[in-house]
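Each chain gets a letter, A, B and so on, in the order its sequence line appears, and its residues count up from 1.
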There are 2 protein chains.
Amino acid sequence: MTDAKAPPRKRAPSKRSLETRARILDAAEVLFARGGFDGASMRDIAAAAGVPVALVNFHGGAKEDLFATIVARRADALSQRRLAALAAAKERQSAPGLREVLDCFIRPYIDLARAGGPQWTAYARLIAHVSADERWRPISERYFDPTAAMFMAELARLFPAAAPCRIAGAFVFSISAMLSLATSRWRIEAMAGLPHGGNGGIDDWADVLIDFSEGGFRSVMAGA
Amino acid sequence: MTDAKAPPRKRAPSKRSLETRARILDAAEVLFARGGFDGASMRDIAAAAGVPVALVNFHGGAKEDLFATIVARRADALSQRRLAALAAAKERQSAPGLREVLDCFIRPYIDLARAGGPQWTAYARLIAHVSADERWRPISERYFDPTAAMFMAELARLFPAAAPCRIAGAFVFSISAMLSLATSRWRIEAMAGLPHGGNGGIDDWADVLIDFSEGGFRSVMAGA
DNA sequence: GTCTATATGTAGATAGAC
DNA sequence: GTCTATCTACATATAGAC
């Protein structure tokens, strides 16, 4: 019963094919994360994966499709971590507070970017590119907005008297600060007077960021 | 005494030449702001300015030089507004508080982006591109870091016991939130349930943003 | 200073042999 | 599935007439 749909039936791909495909997607993820869609060419990706250019098109399709595939590949895993954390928080206390809600959204991202391996580190940067460029709005809407809307609903529950615009503003400010850890930690370290490559900074920024977001939120809600 | 240096002496350019140059720089500013360095071609810029491609090279030089010129063109004006605001704040009270310092940094940017005309609106987006891409780090260091360092010093004065890393982190979070207003206001409005093009949102975000940054700062400083 | 025409490189994508 | 060779489009940049 595993067939009987998906018109152009296909056989299971060989093991080597799967490995090739994985190498290509991993290379594309790293290069797209570094320079965005325009900052990496199909040839760069092929070279990084150690395959001819034609194979990148064969496994990834057109460049835009490849990009969308890369974004989609880990989107569910991230969303599920966030939603699972939210569900767990609701089990502990029927109405989780602001800090708990923000924690459920932010910490999975930081944890995966920091300790999920190099591909997750790249993926975190990739999300920053997708979020910053309105050109990828359809991708955001498909893969990230549903989860964001769930958290937006929690925030609206916590501040029933606040204008949605202010809640959404504070939430987007928090998300921007979160993404800046993927793209601009070098700037933080430079500004703090730390040496270029040296890892003299904070290892796990999650708590600092959640402090910042919570304080920012409360301040905006109080000011309304 | 206005000559006697700059080896290849030049005459004052004609009025028409200056207008052409201005049209090219304005067009480049808008297009670079929309799509970043890679998102606009020299042909796009020439077409938007209504001139042949060769004129873009003539007035702007190579593409990277043109980009740097565009960033440089308004950098001083922005810095001077910020530093003038800071100086004025120091005249009112010898040691301005956190909110005043953040206001001096954030409000000039928001005001110019909102009411400085379409070129300043574009420039605000352009700064977001420059800040997000480490490739432009030399440009940032030259045109934006000196002013940022001045404000960093004020913040360090306000929180002498805090680790520089935490101050810098909170400052970069604030800057990221600020820049998100240039790149992601559509996302705020979408998340708040507002229609696509309709301007049903907040007109002047400066106070909301400064509330957020101040609250975030105090929260991070308290958590240390 | 401005224009036309062009040199030169590189991009994405595919055809067709294996 | 994989590879070589190639097609087509468009990029940056400049030469040289006006």
Looking only at the aromatic ring of each residue, does the gap between the centers of B:Phe171 and B:Phe105 stay below 6.0 angstrom?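 Judged by ring-centre distance (under 6.0 Å), B:Phe105 and B:Phe171 do meet the cut-off.
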Nearest whole angstrom, please: distance from the [atom2] of [N] to the [atom1] of [X].
X: A:Lys63; N: D:dC10; atom1: NZ; atom2: P; value: 15 Å
X: A:Asp65; N: C:dT14; atom1: CG; atom2: P; value: 10 Å
X: A:Ile45; N: C:dT10; atom1: CD1; atom2: P; value: 17 Å
X: B:Leu31; N: D:dA11; atom1: CG; atom2: P; value: 12 Å
X: B:Glu64; N: D:dA13; atom1: CD; atom2: P; value: 8 Å
X: B:Met42; N: C:dT6; atom1: CE; atom2: P; value: 21 Å
X: B:Asn57; N: C:dT8; atom1: CG; atom2: C1'; value: 14 Å
X: A:Phe67; N: C:dG12; atom1: CZ; atom2: P; value: 13 Å

By salt bridge (Lys or Arg N to Asp or Glu O under 4.0 Å), which residues pair with B:Asp204, not counting sequence neighbours? B:Arg114
Quick test: give all pairs of protein nitrogen or oxygen and nucleotides 1-9 of chain D nitrogen or oxygen below 3.5 Å, distance rounded to 0.1 Å.
residue, atom, partner, partner atom, Å
D:dG1, O5', A:Ser17, OG, 3.1
D:dT2, OP1, A:Thr20, OG1, 3.0
D:dT2, OP2, A:His59, NE2, 2.7

Under 3.5 Å, side chain of A:Tyr123 to main-chain N/O of A:Val71, donor-acceptor pair present? yes
Other residues, nucleotides and ligands only: do more than 12 of their heavy atoms fall within 6.0 Å of CZ on A:Arg142? no
Which of these nucleotides, C:dT14, D:dA13, C:dA11, is closest to any side-chain atom of A:Ser41? C:dA11
Write out all pairs satisfying salt bridge (Lys or Arg N to Asp or Glu O under 4.0 Å) with one or both partners inside residues 177-188 of chain A, taking only residues at least two apart or from two chains.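 Only A:Arg187-B:Asp145 qualify under salt bridge (Lys or Arg N to Asp or Glu O under 4.0 Å).
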Strictly below 4.0 Å, N to O, side chains only: are A:Arg74 and A:Glu29 in salt-bridge contact? yes
